[in-house]
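Report on one structure; see the data block that follows.
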Amino acid sequence: MSASINWLPIVSAAALAMDSTGDKATLTIPYKCKVMRVFALVEGTSSHATTGVVKFDKRPTAGSDTSRGDGDVGAISKSASNQQGKYLYEDPSSEILLDEGDQVIVDVTTANGNACAFTAGMLVERVPETPANNTAMVSA
C-alpha cells in the first residue's frame, strides 16, 4: 500500500514571461513546509534559439534580499524547442524546509528572448506545528 500524498500548491498569481532576466514572482510561505517539487507550466508558444533558466531562490526574511539563496530551492531549464502545455519540474535531491514568513523568488536568470508565458509554483508538504513554536508567527 502506498502512502497518502498530501502536497499543497503554492503558485504564482499571473503568467510570467521569459523574455528578460530578473525576479518575476514572489511565492509567500504561509506555514512550515517541505518542498516536494518546483515547476513551471509553459503556457505560450515557445520556440526560440536560447534555453531559458528559471531559479527558485529562498528569501528567509520577507522583503529582504539579505541571505537570499541562488536556486537553492530549485532550478528549471526550458529548452529552445516549443514546450507549450508542458509541465517542467524538479524534485529536490535533499530535504528543503521553509518556514512561515519565508519567500521563494522566481528568478529568470537566462532569458530566451521570447515572451513565452509560464506559471511557476511549488508543491509542498505541510509540516504540522503549533503557532507557539513558529518564531515568525505573532498573534495580532
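On a predicted model such as this, the values are computed, not experimentally measured, just so you know. Worth knowing before you read on, the calculation uses all heavy atoms, side chains too, and leaves out hydrogens, waters and symmetry mates.
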Is the shortest side-chain heavy-atom distance between [X] and [Y] below 4.5 Å?
X: F118; Y: L88; answer: no
X: V73; Y: P92; answer: no
X: L16; Y: T119; answer: no

How long is the gap from [atom1] on [X] to [atom2] on [Y], to the nearest 0.5 Å?
X: L8; Y: M36; atom1: CG; atom2: CE; answer: 11.0 Å
X: I76; Y: E90; atom1: CD1; atom2: CD; answer: 7.0 Å
X: K34; Y: E125; atom1: NZ; atom2: CD; answer: 5.5 Å
X: D72; Y: I96; atom1: CG; atom2: CD1; answer: 7.0 Å

Enclosure of Y89 OH (heavy-atom neighbours >12, cutoff 6.0 Å)
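Atom OH in Y89 is not packed in, count stays at 12 or less.
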Listing, residues 101-110 side-chain donor-acceptor contacts under 3.5 Å, not counting sequence neighbours, or none:
unit_1 : atom_1 : unit_2 : atom_2 : d
D102   : OD2    : D99    : N      : 2.8
Q103   : OE1    : R59    : NH1    : 2.8
Q103   : OE1    : G63    : N      : 3.0

Please assess D57 against R68 for the test salt bridge (charged side-chain N to carboxylate O under 4.0 Å, His left out), listing each intermediate value before the final yes or no.
CA-CA 7 Å; D57 304 341; R68 175 177 166 172; 2.9 Å; yes
Counting only N and O atoms by type, is there a donor-acceptor contact under 3.5 Å from the side chain of Q84 to the main-chain atoms of E43?
yes
Main-chain N/O of A120 paired to S12 side chain as donor or acceptor, under 3.5 Å:
yes
